[in-house]
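Naming convention: chains lettered A, B, ... in sequence-line order (proteins, then strands); numbering from 1 in each chain.
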Amino acid sequence: DSGVTQTPKHLITATGQRVTLRCSPRSGDLSVYWYQQSLDQGLQFLIQYYNGEERAKGNILERFSAQQFPDLHSELNLSSLELGDSALYFCASSGRQGVTYEQYFGPGTRLTVT
Amino acid sequence: GENVEQHPSTLSVQEGDSAVIKCTYSDSASNYFPWYKQELGKRPQLIIDIRSNVGEKKDQRIAVTLNKTAKHFSLHITETQPEDSAVYFCAALTGTASKLTFGTGTRLQVTL
């Protein structure tokens, strides 16, 4: 167990809908990262938040947005969903005690768009 | 931006043999190189990492080597066991944002 939690584990929704994925980082970690992993694909970096502020953006679609709250949990919002958005979405956290490199992943949310 | 290439995409070894996975990166500013193991349907798990000021690091049966000049790094697993079967991802970290760029993964199968 990495200490990073994600909810829900599974999500099935229809095209055009909007969903919210939630992530709680390890205790003490200030950074949260979101990644997308499509079937048989690698891990694609989406976005990073550090202590409530956006720090870096990767290949995140305009239909997707994220935020990090004062208690450091983060939410990834996916809207106008398309079939191609079906994937595993992972969050990771880092930053405990000044160590900023190691990233620990949560169990992921499997999103299925039908 | 950073680009990480990983080879091979699949690797089959017999139990007890060694396995080597290689990665190259493009950004000379990259300074941290982790390796993750991912079992089917589970989270990527950090198994070993190396920083740019170190050439080699070992942890029991796994080791990572880094050649900064050639911009490549490798994962070595000795005395492989069936539980080593998984997909392994290399990654490189660049920039102050701690953005990780991942390789495309290597599916390792350890046969009896």
Please name all residues satisfying salt bridge (charged side-chain N to carboxylate O under 4.0 Å, His left out) with B:Lys57, sequence neighbours left out, ordered by chain then number.
B:Asp49

Exceeds 12 heavy-atom contacts within 6.0 angstrom, atom CG of B:Asn67
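Yes - once you tally the heavy atoms of other residues, nucleotides and ligands closer than 6.0 Å, there are more than 12.
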
Using a 6.0 Å cut-off, check whether atom CD of B:Glu83 has over 12 heavy atoms from anything other than its own residue.
yes

Can you tell me how far apart [atom1] ([X]) and [atom2] ([Y]) are? Round to the nearest 0.5 Å.
X: B:Phe102; Y: A:Phe45; atom1: CZ; atom2: CZ; result: 10.5 Å
X: B:Thr101; Y: A:Leu43; atom1: OG1; atom2: CG; result: 11.0 Å
X: A:Tyr101; Y: B:Asn31; atom1: OH; atom2: CG; result: 4.0 Å
X: A:Ser94; Y: B:Leu100; atom1: OG; atom2: CG; result: 8.5 Å

Using non-hydrogen atoms and a limit below 4.5 Å, what part of residues 83-91 of chain A faces chain B?
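A:Phe90, listed by number.
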
Listed by residue number, which members of residues 32-45 of chain B have a heavy atom under 4.5 Å from any heavy atom of chain A?
B:Tyr32, B:Tyr36, B:Gln38, B:Gly41, B:Lys42, B:Arg43, B:Pro44

Chain A-proximal positions within residues 14-24 of chain B [heavy-atom distance under 4.5 Å]
none

Part of A:Gln44 lying under 4.5 Å from any heavy atom of chain B
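Contact with chain B is absent: no heavy atom of A:Gln44 under 4.5 Å.
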
Kindly work out whether a path of hydrophobic side-chain contacts (I/L/V/M/F/W/Y, heavy atoms less than 4.5 Å apart) joins [X] to [Y].
X: A:Leu76; Y: A:Phe105; result: no
X: A:Tyr49; Y: A:Phe69; result: no
X: B:Ile47; Y: B:Val64; result: yes
X: A:Leu111; Y: A:Phe64; result: yes
X: A:Leu46; Y: A:Val19; result: yes

Using a 4.5 angstrom heavy-atom cutoff, name the option from A:Ser31, A:Gly108, A:Gly106 with the most pairs to chain B.
A:Gly106

